[in-house]
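Written below as structure tokens is the structure these notes are about.
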Number of protein chains: 2
Amino acid sequence: MEAVLGAAVALLDEAGAPALTFRALAARLGTGVGTIYWYVSNKDELLDRATDHAIGGVPAPAEGQPQSDDPIADLRAMAIALFDAIVDRPWLSAYFMRNTDVQGNSLRLYEKLGQPTLRLDLTPRQRFHAVSAITSVVVGTAADLGAEIPPEILDGTMDRDAYLARFAEQWRSLDSAEFPFVQEIVDEFAGHDDRDQFLAALELTLSGLRLQAGTG
Amino acid sequence: MEAVLGAAVALLDEAGAPALTFRALAARLGTGVGTIYWYVSNKDELLDRATDHAIGGVPAPAEGQPQSDDPIADLRAMAIALFDAIVDRPWLSAYFMRNTDVQGNSLRLYEKLGQPTLRLDLTPRQRFHAVSAITSVVVGTAADLGAEIPPEILDGTMDRDAYLARFAEQWRSLDSAEFPFVQEIVDEFAGHDDRDQFLAALELTLSGLRLQAGTG
DNA sequence: ACCTGAACACCGTTCAAGT
DNA sequence: ACCTGAACACCGTTCAAGT
């Protein structure tokens, strides 16, 4: 079982979700396709378990210094740790927290992410919504970061800047009376860094949360 | 072409992404599979165009009363309109804004979503990040809303409350010393409404944004 | 310019058969 | 209890051939 998940994660890391097929997995394990079905009842469960296996390796930053005096800072640190894990493994975003029945590690990470909210002056409902919001920012931005990468870039045929520039050029050619906003942000888009984009989105949510908790 | 996209959207609406196959589409159109490849060069492009086709039907709430005196309120209205559109058609979330080359309607909607930020006191970069953050909240929460629905529920075999209750029960059985946060929010989770969750996440981002813009 | 559908190389999943 | 791999019913995509 451990070997199956390890090989599955390896395949996903090497070439993304499409690379994980029962045949490829069986070949890597040196067995037949049927064998895998003894450990896992279908592909969804395979992906759920592989995702949870990978999430198990996400370092909990709160491990060393259990908690700072600022819960918001702890939330930020956890969110960034999760984001970094997903950036390294874009295939994670599609299956994270999909089924906590099978995803014990994901549930533990969810707990870690939520604990700092217990030190904020919020209702249970507000805490639940806050953590959902943060998770959604992390998974949402990390997901379109993974989706954004077209085959041309992975090939190395075209680099990311050139890819963005192509869009930027097309956007610049739009009528500026009809597309004032797109014109306004096209330069930002052309040179944008995904991590900055994520951090900015996270900061908006966190400052909204700080306001809601009446802290600072 | 129009007919192809119409039929594709119909298939997606009826049974989700897995239902859209070239064979099913050809059958519905009364032609051969090869025909579709004359209009579209592969499945990704088919999904991009179908998504954009559907996005074209999203009502721009700013149409009637072009803008209120509160840009934040206009942002909220646009975000909610987009969320509602995606809730009705969960398959949208995976392809929205993936390729604006082909997605003219999506770009127009992105523009509409961004325009209110022009009336806020922000830098271009802040405007870009704000709209990205809002888009990410909308798509992120709407996406796991679509993913959350397992076959058992679509069948009608089990209703949503019972499904959530099953998880809640499992969560309640966890050690409360190790999982204090999960224990704290389990009741909220069990009865949660996805729309409320989205609205709460949106509100956190918007209030962070209002703070950043120094308005109100 | 537009359509056709057989053919190819893949999938996930099952199952009778083995140890 | 665990493994095997041929077989089945599907995919997306191509292409020689038609109008």
Side-chain angles (χ1 to χ4, degrees), chain A residues 1-53 90-92 94-95 98-99 101-102 146-147 149-152 154-155 157, chain B residues 1-53 90-91 94-95 98-99 101-102 147 149-152 154-155 157:
Chain A
M1 182 70 213
E2 196 65 18
V4 172
L5 296 184
V9 169
L11 282 170
L12 288 164
D13 281 343
E14 285 164 23
L20 181 61
T21 66
F22 281 83
R23 283 170 179 81
L25 187 53
R28 178 174 281 247
L29 292 166
T31 61
V33 271
T35 306
I36 301 160
Y37 279 92
W38 193 87
Y39 294 96
V40 114
S41 64
N42 55 41
K43 191 167 185 186
D44 260 354
E45 192 188 323
L46 175 62
L47 276 158
D48 276 333
R49 300 200 114 103
T51 298
D52 197 57
H53 188 75
W91 50 270
L92 273 179
Y95 283 85
R98 249 179 57 101
N99 184 352
D101 257 344
V102 204
I149 303 168
E152 302 98 277
L154 290 175
D155 285 2
T157 315
Chain B
M1 182 71 213
E2 196 65 17
V4 172
L5 296 183
V9 169
L11 282 170
L12 289 163
D13 281 344
E14 285 163 22
L20 181 61
T21 66
F22 280 84
R23 283 170 179 80
L25 187 53
R28 179 175 281 247
L29 291 166
T31 60
V33 270
T35 306
I36 300 159
Y37 279 91
W38 193 88
Y39 294 96
V40 114
S41 63
N42 54 43
K43 192 168 185 184
D44 261 354
E45 192 188 325
L46 175 62
L47 276 158
D48 276 333
R49 300 201 113 102
T51 298
D52 198 59
H53 188 75
W91 51 270
Y95 283 86
R98 248 178 58 102
N99 184 350
D101 257 344
V102 201
I149 303 168
E152 302 100 276
L154 290 174
D155 285 1
T157 314

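First the proteins, then the strands, lettered A, B, ... as listed; each starts at 1. These figures come from a predicted structure and were not determined experimentally.
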Review point. To the side chain of B:Val33, which of C:dA6, D:dC11, D:dA1 is closest?
Key: C:dA6
Using whole Å, what does the distance between atom [atom2] of nucleotide [N] and atom [atom1] of [X] come to?
X	N	atom1	atom2	answer
B:Leu29	C:dC3	CG	P	10 Å
B:Asn42	C:dA9	CG	C1'	17 Å
A:Phe22	C:dG12	CZ	C1'	7 Å
A:Leu25	C:dC11	CG	P	12 Å
A:Ile36	C:dC15	CD1	C1'	16 Å
A:Met1	D:dC2	CE	P	13 Å

Taking 4.0 Å as the cut-off, does a side-chain nitrogen or oxygen of [X] come that near to OP1 or OP2 on [N]?
X	N	value
A:Thr31	D:dT4	yes
B:Thr35	C:dT4	yes
B:Tyr37	C:dC2	no

Review point. On a whole-Å scale, what distance lies between the C1' atoms belonging to C:dC11 and D:dC8?
Key: 12 Å
Check your understanding: When you compare C:dC2 with D:dA17, how far apart are their P atoms, in angstrom units rounded to a whole number?
Key -> 22 Å
Point to revise | Non-hydrogen side-chain atoms of B:Arg49 and B:His53 separated by less than 4.5 Å | key: no
Review point. Can you find a heavy atom in the side chain of B:Asp44 that is under 4.5 Å from one in the side chain of B:Arg98?
Key: yes
**Study point:** Identified side chain to side chain contact (heavy atoms under 4.5 Å, CB included) partner of B:Leu25 from the options B:Thr35, B:Thr31, B:Val33, B:Leu46
**Key:** B:Leu46
**Study point:** Reported CG-to-OG1 distance for the pair A:Leu12 and A:Thr51, which is rounded to 0.5 angstrom
**Key:** 7.5 Å
Exercise for review: On DNA chain D, check which nucleotide each of B:Arg23 and B:Gly34 is closest to and give me the residue with the more 5' one.
Suggested key: B:Arg23
Practice item. Identify whether any heavy atom of A:Leu20 sits under 4.0 Å from a base atom; if not, whether one sits that close to sugar-phosphate; answer base, sugar-phosphate or nothing. Key: sugar-phosphate
Practice item. Specify the closest pair of heavy atoms between A:Met1 and A:Tyr39, including all atoms of both residues, with the distance to one decimal. Key: N-CE2, 3.5 Å
Revision key, fill the gap. Taking a pair to mean Watson-Crick or G-U wobble geometry with both distances below 3.5 Å, C:dA16 pairs with D:dT4
